[in-house]
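Following: one structure in structure tokens, then a few remarks.
Here the structure is a predicted model, which is why all the values come from computation and not from measurement. The chains referred to below are lettered A, B, ... by the order of the sequence lines, with proteins before strands, and numbering in each begins at 1.
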Amino acid sequence: MKYITLTFSLNGNKISLKTHGNRRLLDVLRDDFGLTGTKEGCGIGECGVCTVILDGKAVNACLILAGQLEGSEVVTIEYLARDGKLTELQQAFLENGAVQCGFCTPGMLMSATALLNEVPFPSEIQIKEAIAGNLCRCTGYKQIIDAIQKTAIRLKK
Amino acid sequence: MNTTPEIMIAFNLDRALKLLSGEKSAPLAGGTDLVPGIHQQAKRFAAIERLVDITRIPELKQVNVKNSGTTIGAGVTFSEILTHPRLGSEYPLLTKAAATIGSVQIRNRATIAGNFVNNAPCADSVPPLLVYDAIVRICSLKKSREIPLQEFLLKPYKTQLQTGELVTEIFLPPPPQNFGGDFYKLGRRRGVAISRITLALLLQTEKKKISGLRIAAGAVTPIGRRFYDIEHQYVGTEISAAGLKFLAVNVGKAILEETGWRWSSPYKLPVTQQIVYQILCKLT
Ligand code: FES
Ligand code: FES
């Protein structure tokens with residue numbers, strides 16, 4: 001099978017990539033671009049560590065094929081902090097003890113970022129719903145929910 | 001590396017149907033089932049040589065709610081169903097089921113037709129679609145046809161869909177008036193779980209009698225199905241606690257007849273009967 005050439009936007013950069021269309025977005029990000037903040041856990045859409053934002057929506061990068069990307073816009077965890085400055089949400093994760101081993105953190109941050117972009121002031125139920133597809137083995141969710149809630153309040157001011 | 005299948009994006013329906021006309025082509029929408037399947041080289045997808053992405057086809061992305069009935073494009077995602085301004089009030093069991101599917105990430109990708117087109121018993125949208133008498137609209141290069149969902153679903157992982165055909169939309173007749181109803185799902189945990197039992201029930205009462213009844217189950221049955229016999233048997237009967245209990249017991253019996261006794265039956269059967277009973281009580 002021949003290679004295909006894809007054009008899409010990745011973290012604000014226009015990308016042209018020659019690849020096999022049946023590779024997963026997850027592998028393209030990690031292997032071709034070294035964007036290893038997007039992790040692989042289950043590989044079947046259940047754990048959420050591979051969450052990225054595709055055309056404004058939180059999605060699992062393990063469930064998307066490269067050949068489907070043409071013309072779309074992909075944002076990964078590496079695009080949240082700019083010039084060494086964390087986003088309010090990242091800062092709040094640190095301050096609220098929402099990070100322990102850190103493996104789930106990129107996925108949590110991407111899900112929460114997508115939520116806050118869409119719903120500026122989410123209720124606790126909406127927050128829980130938004131991160132229901134992100135599993136954390138360590139912190140117990142409470143701190144994560146607190147961090148998202150506090151960010152919403154801070155951004156509102 | 002494994003270089004098949006190749007992926008092609010179709011930007012309109014005609015192109016999709018052309019690309020799908022070959023033996024070894026299959027449509028790809030949300031990919032929540034297909035992509036991990038392909039990646040793990042699952043046998044059931046091994047014959048596919050070309051996947052046609054149908055997520056950019058405008059014709060498949062539309063929802064039209066009219067007095068004469070509602071059409072939902074095959075490629076409409078569960079997130080889109082949930083945020084639609086009218087679907088929730090017209091077909092509340094469908095949106096309730098949609099809310100229980102996967103996670104936000106899954107619902108942002110997974111599509112309504114993708115949910116039933118592989119005929120997995122655990123497809124959560126099937127029982128609600130069945131009680132709303134959903135009709136599946138199908139197109140190929142040569143012709144288009146319509147089939148009631150119940151007939152479309154043949155047996156586990158098998159439907160009436162032929163090579164070259166694509167499900168393009170689902171038609172729902174206007175929702176029945178003055179019906180109450182509920183959808184219930186049991187999984188091993190609350191979030192992102194494959195369902196073990198799903199039930200959809202619509203009930204209409206008039207002067208202490210059952211004047212309309214629709215019941216469908218999924219996951220506990222080999223494929224999602226309606227219980228037409230029981231529905232007919234109970235329409236016109238007097239509402240009483242004992243009567244409703246019998247109705248619930250009969251639903252359980254009908255399920256058992258279909259599945260035979262399984263290791264999980266001692267648990268699932270009473271749960272199913274109890275839930276049917278509880279829903280009936282709540283609605284009467
Ligand atoms: S690796 Fe994608 S959801 Fe688990
Ligand atoms: S911090 Fe360890 S998995 Fe969440």
Side-chain angles (χ1 to χ4, degrees), chain A residues 1-4 6 8 19-27 31 40 42-72 107-108 110-112 114-115 118-119 122 125-135 141, chain B residues 1-11 19 24 26-42 45 48-56 75 77-80 82-83 98-111 114 187-194:
Chain A
M1 187 188 75
K2 38 189 175 7
Y3 285 97
I4 52 168
L6 295 167
F8 64 103
T19 186
H20 287 301
N22 66 351
R23 292 174 65 218
R24 301 176 305 175
L25 170 58
L26 175 62
D27 303 316
D31 301 344
E40 172 157 17
C42 64
I44 56 170
E46 288 195 357
C47 72
V49 280
C50 66
T51 305
V52 299
I53 299 180
L54 175 73
D55 296 327
K57 306 233 172 273
V59 299
N60 299 124
C62 68
L63 300 181
I64 289 166
L65 295 178
Q68 299 183 279
L69 288 176
E70 185 60 37
S72 23
M108 286 286 180
M110 295 316 279
S111 287
L115 171 73
E118 224 168 287
V119 189
I125 293 175
Q126 283 174 308
I127 293 174
K128 285 184 177 167
E129 200 52 57
I131 59 166
N134 295 80
L135 300 183
Y141 302 104
Chain B
M1 105 163 256
N2 197 354
T3 55
T4 57
E6 63 173 339
I7 320 294
M8 300 187 84
I9 301 180
F11 288 95
L19 290 172
K24 294 180 172 157
L28 168 65
T32 54
D33 184 32
L34 249 170
V35 173
I38 297 276
H39 188 72
Q40 297 163 351
Q41 301 180 359
F45 301 130
I48 301 174
E49 285 178 6
R50 171 192 287 166
L51 283 172
V52 182
D53 177 284
I54 55 165
T55 59
R56 321 278 186 101
T77 65
F78 286 106
S79 292
E80 288 160 348
L82 281 172
T83 51
T100 69
I101 290 173
S103 55
V104 169
Q105 293 96 313
I106 299 277
R107 293 195 291 273
N108 280 341
R109 298 289 295 173
T111 62
R188 287 204 178 142
R189 56 190 165 112
R190 188 118 21 104
V192 206
I194 304 295

| Just wondering, do B/Ile106 and A/Leu63 contact through their side chains at under 4.5 Å, heavy atoms? | yes
| query | Closest heavy-atom contact between B/Arg56 and A/Ser72? | reply | NH2-OG, 4.0 Å
| message | Evaluate B/His39 against A/Asp27 for side chain to side chain contact (heavy atoms under 4.5 Å, CB included), listing each step before the verdict. | response | CA-CA 11 Å; B/His39 188 72; A/Asp27 303 316; 3.9 Å; yes
| For A/Ile64, is it the side chain, the backbone, both, or neither that has a heavy atom closer than 4.5 Å to a heavy atom of chain B? | both
| message | Is there a side chain to side chain contact (heavy atoms under 4.5 Å, CB included) between B/Leu28 and A/Gln68? Walk through the geometry before answering. | response | CA-CA 9 Å; B/Leu28 168 65; A/Gln68 299 183 279; 3.4 Å; yes
| query | If you measure from OG1 on B/Thr77 to NZ on A/Lys57, what distance do you get to the nearest 0.5 Å? | reply | 7.5 Å
| message | Using heavy-atom distances under 4.5 Å, tell me whether A/Leu26 contacts chain B through its side chain, its backbone, both, or neither. | response | neither
| note | Cut-off 4.5 Å, heavy atoms of chain A, and the answer for B/Ala29 is backbone
| request: Could you tell me the separation between the CD1 atom of B/Ile9 and the CD1 atom of A/Ile4, rounded to the nearest 0.5 Å? | output: 7.5 Å
| Can any side-chain N or O of A/Asn60 pair as donor or acceptor with the backbone N or O of B/Gln105 at less than 3.5 Å? | no
| remark: Pair count under 4.5 Å, heavy atoms only, with chain A: among B/Asp33, B/Asp53, B/Leu51, highest is B/Asp53
| message | Donor-acceptor check, side chain of A/Arg24 to backbone of B/Pro36, threshold 3.5 angstrom: yes or no? | response | no
| query | Under the side chain to side chain contact (heavy atoms under 4.5 Å, CB included) criterion, do B/Leu34 and A/Leu65 qualify, and how do the steps go? | reply | CA-CA 10 Å; B/Leu34 249 170; A/Leu65 295 178; over 6 Å; no
| note | One should read off an interatomic distance between A/Ile53 CD1 and B/Asn108 CG, to the nearest 0.5 angstrom, of 10.5 Å
